[in-house]
Structures are given as structure tokens and as C-alpha cells.
There are 4 protein chains.
Amino acid sequence: MARGRSKQGGNRKRETRWREVLDAAAAEFAEHGFLGTSTGAIAKRLGLRQGRLYYYIPSKQRALELVCQLSTEEMVGGLMEIVARDGDPLEQLRRAIAFHMEWLGGRRDYCLTFLRERRHVAGPAGRLLADTARRYERLFEQIFRTGVARGRFRADCNPAQAAFGTLAIANAFGLRAQRRGAPLPPGTARWIADLVLDGLACGKARAKR
Amino acid sequence: MARGRSKQGGNRKRETRWREVLDAAAAEFAEHGFLGTSTGAIAKRLGLRQGRLYYYIPSKQRALELVCQLSTEEMVGGLMEIVARDGDPLEQLRRAIAFHMEWLGGRRDYCLTFLRERRHVAGPAGRLLADTARRYERLFEQIFRTGVARGRFRADCNPAQAAFGTLAIANAFGLRAQRRGAPLPPGTARWIADLVLDGLACGKARAKR
Amino acid sequence: MARGRSKQGGNRKRETRWREVLDAAAAEFAEHGFLGTSTGAIAKRLGLRQGRLYYYIPSKQRALELVCQLSTEEMVGGLMEIVARDGDPLEQLRRAIAFHMEWLGGRRDYCLTFLRERRHVAGPAGRLLADTARRYERLFEQIFRTGVARGRFRADCNPAQAAFGTLAIANAFGLRAQRRGAPLPPGTARWIADLVLDGLACGKARAKR
Amino acid sequence: MARGRSKQGGNRKRETRWREVLDAAAAEFAEHGFLGTSTGAIAKRLGLRQGRLYYYIPSKQRALELVCQLSTEEMVGGLMEIVARDGDPLEQLRRAIAFHMEWLGGRRDYCLTFLRERRHVAGPAGRLLADTARRYERLFEQIFRTGVARGRFRADCNPAQAAFGTLAIANAFGLRAQRRGAPLPPGTARWIADLVLDGLACGKARAKR
DNA sequence: TATGAATGAGTATTCATTCAT
DNA sequence: TATGAATGAATACTCATTCAT
């Protein structure tokens with residue numbers, strides 16, 4: 001390729017810079033929202049002038065799509081591994097939650113952007129995103145289903161609801177901690193897993209009392 | 001006086017129209033976000049031309065503030081009554097959650113707007129809003145604190161965390177149902193209360209197992 | 001006429017109200033300028049609602065024209081009498097200046113509006129205004145011309161320039177006092193007349209020294 | 001450094017363009033007033049599209065402030081030099097008036113804008129402007145005060161009034177000539193100085209006659 | 001790789017004016 | 001005599017995007 005002097009080196013550098021651009025976009029999107037972010041603000045964060053941004057990304061819209069896709073797809077990949085590995089569903093759930101919390105902490109900007117700004121991703125990209133999100137939730141669902149089937153979780157546990165609820169709780173606590181700027185306290189994942197287990201999977205069904 | 005009467009009538013009509021304007025704003029804000037909403041869109045929803053809107057509201061910004069303030073303040077009022085009435089903390093929590101879910105259902109647009117768009121309310125109005133939100137959460141906190149003190153909830157229940165978690169779960173389920181356009185299924189509030197009780201207030205603390 | 005119950009009474013009342021409207025317009029124009037004045041502001045000053053104004057005036061533009069014309073025409077009338085009356089040009093000038101200062105004080109809003117806002121009167125009305133203003137200046141000019149002809153003013157006094165200068169000085173001092181909110185101090189007109197006489201009409205022509 | 005050089009060049013070009021923008025704004029403000037000037041009109045004068053203007057100036061308001069500040073501050077600087085240089089107060093006054101007239105001619109748009117539109121500069125910028133204007137007037141005042149102290153001007157000359165009057169006369173004649181589009185006739189400054197000297201500083205006080 | 005000039009379209013807000021009541 | 005609802009046009013300002021250099 002004419003562009004990179006050494007193909008490898010050039011591409012790697014380019015790739016690196018490209019990630020930096022996405023990081024900057026994610027940071028701005030997380031802080032001010034997609035519509036509240038100007039391309040100038042992203043550029044400024046990178047020490048570039050506005051126009052230059054378009055060398056790296058084709059549009060602000062596309063940047064949002066990429067930010068939303070990148071981490072979600074990696075998250076699905078990671079979670080798949082956990083679910084694929086056999087083991088006690090209860091342990092699996094703990095690991096899954098720990099995994100999820102790690103991402104919330106490590107990729108805060110990407111997660112926040114995905115959670116709050118995905119509404120601005122429409123069309124094919126939006127459908128792709130919705131699909132990825134569904135796959136992620138289904139993996140949690142599967143853990144609950146297995147747990148119920150094996151008698152580890154209580155019989156009236158609704159896997160779909162449990163999966164949704166688990167993510168809601170994990171995200172709420174995970175992002176609350178973020179909002180305060182502090183890293184997640186170490187026991188958080190464990191504590192949330194217990195909360196979920198008691199409330200959604202193992203506790204006595206209250207309504208029956 | 002003839003004028004007094006006509007003035008009354010005028011004011012009532014004006015007041016009504018004002019609420020309609022806020023409703024329309026809330027609906028648009030909930031659907032497209034504050035920044036994604038143009039004043040023209042609000043006007044269109046009301047069958048007005050854009051400029052006319054400013055006869056009722058001083059600015060889009062102020063409309064957002066009012067939308068965010070109106071329902072939250074009423075919610076605090078309602079919840080205060082529930083908490084003030086004496087009774088079993090467990091029953092109080094159930095009533096509180098039911099009350100909260102009713103608002104999520106009945107004032108969907110206002111609640112969504114508050115939850116997602118309040119970040120765009122800055123300055124004094126923002127501080128007021130934060131204060132109202134804090135008061136609301138504190139009322140839930142108080143229920144948990146009383147429950148722990150009276151031995152109805154488990155000893156290691158952290159009232160602040162429990163209050164936060166309760167709202168996170170209630171909002172997540174309440175608004176998920178909304179997103180699908182359907183009204184909340186009748187048992188939802190009860191079911192969520194059980195979830196919260198098992199997970200946050202009464203279940204065995206897993207970590208100790 | 002169908003409109004007034006008693007023609008006389010109705011018209012007089014109407015006439016009065018009409019003057020009040022013009023006064024209010026003049027006051028706003030003087031304070032905020034023509035473009036800086038909204039019809040709502042004029043209406044407010046009168047205790048009316050915006051729309052009602054159009055019962056009295058056909059347009060904001062026309063209101064400006066009337067404000068500018070009214071006092072200038074009366075001023076021309078008054079000054080003509082002074083100039084017509086025979087007498088020492090020096091005394092005439094004193095009287096003319098006193099007359100001018102009285103108007104600046106008594107019709108402050110009208111004078112300010114005329115002086116600063118007449119640029120916004122275009123078309124036939126603008127030409128009429130320019131003509132009236134020219135007639136006014138010419139009357140001063142005439143005093144100087146007579147004074148020179150009769151040997152009361154120095155020979156090299158340029159009547160046109162002297163007239164222009166006289167008005168500039170009178171307006172500047174007259175309106176400065178106004179700006180400070182105080183009524184013109186009693187001796188002002190006399191003092192200004194002396195200034196003008198020394199500087200423009202009687203003093204030794206410096207350039208010759 | 002290559003960048004340094006290009007930056008220099010860029011800055012100089014930018015600076016130049018910036019002055020052109022202010023010149024255009026001043027021209028429009030002088031012709032149509034601040035409120036009568038649309039940003040589009042300024043842009044058109046520069047051959048730009050409206051939006052582009054905001055690359056050079058942050059707002060129309062700020063442009064007005066800059067137009068008003070720029071020349072007034074330079075004028076104060078120039079006048080200070082004249083007053084600082086020792087010499088006959090009478091000669092000083094002549095120089096000061098000549099200096100003032102030169103500015104009226106050379107920076108007509110800026111001066112007109114300052115004189116007529118400064119009322120639209122409020123807040124801190126307005127206070128700064130008022131201060132600069134006061135300093136300018138005080139410098140003239142000082143000339144008169146010195147002249148009286150040294151017995152060159154008549155004893156009952158009021159320096160503050162004389163300064164105000166001098167500026168009123170100079171502005172009136174200076175801007176009248178401008179309005180007619182012609183440059184100031186050569187002897188004007190001299191002639192005005194004589195007028196001022198006779199009327200304000202040296203003539204016999206008429207009232208005593 | 002980077003800059004800055006340029007643009008076109010969009011958006012909130014204001015306001016003179018009209019009209020039915 | 002007065003009101004309030006309604007409108008259409010204007011206007012300041014922002015911003016994503018392009019392109020010559």
C-alpha cells in the first residue's frame with residue numbers, strides 16, 4: 001500500500017491512532033451524550049483540529065456506531081467463553097457478573113455510551129447492535145435456565161426476567177460507582193451476585209408466603 | 001366584576017393549555033431526548049406553529065426543568081405520606097414500590113425525561129432537582145432503616161444501598177414494560193417488592209455462606 | 001359617526017388616549033431606540049396588551065413617524081413666531097435658544113427620538129421630516145444672517161455654520177442634563193447663548209490673530 | 001521550526017482578516033446601527049456566508065464591544081501624548097482638536113459606532129468603555145484647567161463644561177462633514193479650535209455684560 | 001499527517017401584526 | 001374598549017462536513 005511506509009508499522013500506528021480517536025469519542029459521548037458532543041470537542045481532546053478528524057472517522061454518526069459495537073461484541077465473546085465452560089450455574093453466574101462488572105469499570109466510556117446513546121443508532125447498524133445486546137442477555141438467560149433445570153435455582157425463577165434484572169442491577173451499581181469517579185470497591189461483584197441470587201434465583205418466592 | 005370572571009376563565013384555560021404544552025414537551029423529550037427534540041416538534045404535536053410555543057414557555061430549557069420538577073415533586077409528596085403512616089416496614093415497602101410503579105406507568109414521559117435528561121438541567125434548577133431526587137431516595141432509605149431497627153429486615157442490610165437498588169430495579173422493570181408500549185402487568189409491583197425483599201432486605205446474606 | 005356616542009366627547013377621549021400612546025412610544029423609543037423597542041413594551045407602559053395597540057396606531061413604524069413629526073412641527077411653528085417678531089438679532093438669538101432648550105426639557109422623549117431615530121424614517125415621511133428639520137435650522141440661520149447684515153454679529157460669521165453649531169451645542173448640553181435625570185439648571189439657556197455669541201457670532205475671529 | 005513559521009504566517013493572516021471583519025462590522029454598525037445590522041449583512045460585505053463570521057468573532061455583541069473599544073483606546077493613548085508634552089495650553093488645545101478631528105475622519109465608522117451605539121454595550125465591557133470615554137474627556141479638561149491656572153484662558157471657564165462642549169462641537173462638525181461623504185475641509189480643525197477658544201475659553205463672559 | 005478556510009443547513013428565539021371574541 | 005390566540009418572517013448562532021494546501 002502506498003500509504004504506510006512499512007505496511008506493518010504504518011497500519012499498526014494507524015490502528016493505534018484510530019483507537020485513540022474512538023476512545024476520545026467515547027469519552028465525549030459518555031460525558032455529554034451523542035447530540036451534546038461536537039466533533040470539535042472530540043478533536044480537541046486529541047489535540048487535533050476539527051477537520052482533521054475526518055481522516056480517521058467517516059462521520060460522527062459512524063463513530064458512535066463503532067463505539068457501541070466494539071465493546072459489546074468483545075463482551076459477548078468473553079461471556080460466551082464463561083458460559084461455554086461447564087460448571088456449577090451458581091459459580092457461572094458469579095463469574096459472569098464479575099466479568100460484566102470488570103467491563104463496566106474498564107471501559108466505562110464505551111459502556112455508558114452504549115447504554116445511553118444507542119438510541120441514536122438506527123438502521124442496519126442499530127439492528128446489529130440490538131442483536132448483539134440480545135445475544136448478551138441471552139447468555140445470562142441461559143445460565144439461569146441451566147440453573148433451574150439442574151435444581152440449583154428455585155423452580156419459579158423466570159430466566160428472561162432474571163437476566164434482565166441482573167443486568168439492570170449490575171449496571172445501576174456499576175455505573176453509580178463510576179459516576180462518583182471511584183473505582184469499583186473490590187467486593188462489589190460478589191455482593192451483587194449475592195443480591196441477584198437471593199432476589200432472583202434462590203430466595204423463597206415471597207408471593208407464596 | 002366582569003373582568004374577574006373572564007380572568008378566571010382565561011387563567012384556567014391558560015393553565016390547561018400550559019399543561020398540555022408540558023405534556024407534549026415531556027413526550028418529545030422522552031422519545032428523542034432533550035437535545036434531539038426541536039421546539040418545532042413540540043409545537044407540531046400541539047398543532048401550533050413553532051413561534052407560538054413561546055407564549056406558553058419561556059424556553060426549551062425551562063420546559064425541561066418544569067417537566068423534571070413537576071412530577072418528581074409530586075412523587076416526593078406522595079411517598080412522604082406513605083412513609084409517615086405508621087405500619088409494618090415490609091408493608092410500607094410494598095406500598096412504596098406500588099406507588100412508584102404507578103407513577104412510572106401513569107407519567108411515563110415525565111419519569112423517562114427526568115431519569116434520562118436531567119443531566120441537561122444545570123444551575124439552580126439542577127441543584128433543586130438533585131435535592132428533590134435525594135429526598136425521594138432518602139424516604140426509601142428510611143423504610144429500610146426502620147425495618148432493620150425493628151428486626152424485620154436482616155441486620156446487614158445497608159439502607160442506602162437498598163434504597164438505590166430498589167429504585168434501580170423498579171425503574172428498569174417499570175420502564176422496560178413501558179418501552180414495549182404495554183401497561184404494567186398487574187402483579188408487577190408485588191413481584192418486584194418480593195424481589196427486593198429477598199435480595200436486599202430479608203434473604204440470607206450469601207457472602208456469609 | 002357610528003363610533004363615538006357623542007362625537008365630540010368620543011373624539012376628545014380618543015384624541016387624548018392617542019396622545020398617551022404616542023407619549024409611551026416616544027418614551028420607549030428614547031430609552032431603547034426604535035429597533036430596541038417592542039410593541040409589547042409600549043403596550044405594557046400603557047397597561048394594554050400588545051394587540052390592542054393597533055387600535056390606536058397603524059404600525060410601529062408609523063408611530064415613530066408621528067413622534068418625530070409632532071414636536072418638530074410645533075417647534076418650527078414656535079420658532080417662526082420668534083423670528084417673525086422684529087427686534088435685536090442678539091435678543092432674538094437668546095429667545096430662540098431659550099425656546100429650543102425649553103422643548104428639549106419639556107419634550108425630552110420626543111426630541112431624543114427625533115434626533116437619534118429619525119434615520120429609521122424613510123420614504124415620503126422621511127423627506128417630510130428632513131424638510132421640517134431644514135426649515136427649523138434655516139430659521140436660526142436667518143437670525144444670524146440678519147445679525148450680520150445689521151452689523152450686530154461679526155462679518156465673517158457664516159450663518160449656516162453658526163446655525164448648525166448652535167443646535168449642536170444646545171442639543172449636547174440640553175440632552176446631557178437630561179441624561180442625568182435632572183431638569184435643566186435655570187441659567188443654562190442664557191449661558192449657552194453667550195457661548196454661541198462669543199464663539200460663533202461676536203468673538204474676534206481667531207484665525208486672523 | 002517549520003510550525004513556528006507557518007504559525008506566524010497563519011496568525012498574521014488571521015489577524016489581518018480579523019481586522020477586516022471588525023472594519024466591516026463597524027461600517028455596518030455606523031450605517032444601520034447595531035440592532036439594524038444583521039450578521040448576514042456584515043458577512044456579505046466581506047464576501048462570506050453568515051455562519052463563517054463566527055470563526056472570527058464570538059458574537060455580534062462582542063464585535064460591537066471590540067469596535068467601540070479599539071479606536072477609543074488608541075485615541076486616549078494619542079491624546080495622552082499630546083497633553084503630556086509641555087507647551088502653551090492654547091497650542092495644546094489646538095493640537096488636541098486637530099488630533100480628534102483626524103480620528104473622526106480616518107476612523108469614521110468606528111467613531112460613529114462608538115458615539116451612537118455604545119448604549120448597547122452593557123456589563124463589564126460597558127463599564128470599561130465608559131471609563132475610557134471619561135479618561136478621554138478628562139484629558140481635554142486638564143488642558144482647560146492648566147490654561148485657566150496659567151491665565152491663558154479666562155478665569156470663569158469651567159474646565160469640565162468646556163471639555164464636554166469642545167467634544168460636542170467637534171463631533172457635530174466632524175460627523176456632519178462625514179455624513180456628506182466628503183473629507184473634512186483642511187482648515188476645519190483650526191476653525192473649530194477658534195470657535196471653542198472664543199466661546200469657551202477666551203471670549204468675554206457675556207452674562208456679565 | 002495536519003491545517004484552516006469555507007459552507008449549508010438547522011435551531012432557538014423574537015416580534016410585528018392580525019383577528020375572532 | 002379590550003383580550004388572547006395565532007402566525008410568518010427574521011435573526012443570531014452552531015455544527016457536521018469538505019477541501020485546497
Side-chain angles (χ1 to χ4, degrees), chain A residues 3-5 10 13-14 17 35 37-43 46-63, chain B residues 2-3 6-7 9-11 13-14 17 35-43 46-63, chain C residues 3-4 10 13-14 17 35-43 46-63, chain D residues 2-3 6-7 9-11 13-14 17 35-43 46-63:
Chain A
R3 208 168 260 153
R5 229 164 314 173
K13 211 163 143 198
R14 177 99 177 267
R17 197 75 174 127
L35 293 173
T37 295
S38 74
T39 54
I42 301 173
L46 290 160
L48 296 175
R49 302 301 160 123
Q50 209 192 159
R52 188 58 186 147
L53 215 58
Y54 288 80
Y55 181 72
Y56 302 102
I57 51 162
S59 72
K60 185 178 129 177
Q61 181 66 44
R62 187 77 192 119
Chain B
R3 192 187 271 181
S6 87
K7 201 127 182 194
N11 277 354
K13 211 162 142 197
R14 179 102 173 254
R17 199 77 173 124
L35 293 174
T37 295
S38 76
T39 54
I42 300 173
L46 290 159
L48 298 175
R49 304 298 164 125
Q50 205 206 139
R52 185 60 184 145
L53 216 57
Y54 289 80
Y55 183 72
Y56 302 100
I57 51 161
S59 71
K60 187 177 126 175
Q61 179 66 44
R62 186 79 192 117
Chain C
R3 209 169 257 155
K13 212 165 144 194
R14 180 97 175 268
R17 196 74 174 130
L35 293 174
T37 294
S38 73
T39 54
I42 301 173
L46 290 159
L48 297 176
R49 302 302 160 123
Q50 208 192 159
R52 189 59 187 146
L53 215 59
Y54 287 80
Y55 182 72
Y56 302 101
I57 51 162
S59 72
K60 187 177 127 177
Q61 180 65 45
R62 187 79 192 116
Chain D
R3 190 186 272 181
S6 89
K7 201 127 184 192
N11 276 356
K13 212 163 141 197
R14 180 100 173 255
R17 198 77 173 124
L35 293 174
T37 295
S38 76
T39 54
I42 301 173
L46 290 159
L48 296 176
R49 304 297 165 125
Q50 201 209 146
R52 185 60 183 146
L53 215 58
Y54 288 81
Y55 183 72
Y56 302 101
I57 51 160
S59 70
K60 185 177 128 175
Q61 179 66 45
R62 187 77 192 118

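Numbered from 1 within each chain, the chains take letters A, B, ... in sequence-line order. Treat the numbers as computed from the prediction; the structure is a model and nothing was measured.
- The distance between atom CZ of D:Arg17 and atom P of E:dG4, rounded to the nearest whole Å, is 16 Å.
- Annotation: side-chain contact (heavy atoms from CB on, under 4.5 Å) contacts of B:Leu35 (sequence neighbours excluded): A:Leu35, B:His120.
- Counting heavy atoms from C-beta on, the side chains of C:Leu48 and C:Tyr56 come closer than 4.5 Å.
- For the pair D:Leu53 and D:Ala43, the tightest heavy-atom approach, listed with the atom from each and the gap, is CD1-CA, 4.0 Å.
- D:Arg62 and D:Ser59 make their closest contact through N-OG, 2.9 Å (heavy atoms, listed as atom of the first residue, atom of the second, distance).
- For B:Ser38, the side-chain contact (heavy atoms from CB on, under 4.5 Å) test picks out B:Ala41, with sequence neighbours left out.
- Going from atom OG1 of D:Thr37 over to atom NZ of D:Lys60 covers 6.0 Å, rounded to the nearest 0.5 Å.
- The separation between D:Leu48 atom CG and E:dA5 atom C1' is 9 Å, rounded to whole Å.
- Distances shorter than 4.0 Å separate none of the side-chain N or O atoms of B:Tyr55 from OP1 or OP2 on E:dT14.
- B:Tyr54 is linked by a side-chain contact (heavy atoms from CB on, under 4.5 Å) to B:Thr39, counting only residues two or more places apart in sequence or in another chain.
- With sequence neighbours excluded, no residue forms a side-chain hydrogen bond (donor to acceptor under 3.5 Å, both in side chains) with D:Arg49.
- Position along DNA chain E of the nearest nucleotide to D:Leu53 versus A:Gly47 favours A:Gly47 as the more 5'-ward residue.
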Encode nucleotides 8-21 of chain F as B, S and - characters from 5' to 3', where the letter depends on protein heavy atoms closer than 4.0 Å: B to the base, S only to sugar-phosphate, - to neither. S---BBB-BBB---
Dot-bracket for DNA chain F, please, read 5' to 3', with Watson-Crick or G-U wobble pairs under 3.5 Å on both distances, ( ) within the strand, [ ] crossing, | other strand, . unpaired. .||||||||||||||||||||
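- For A:Tyr56 and E:dT1, the OH to C1' distance is 6 Å, given to the nearest whole Å.
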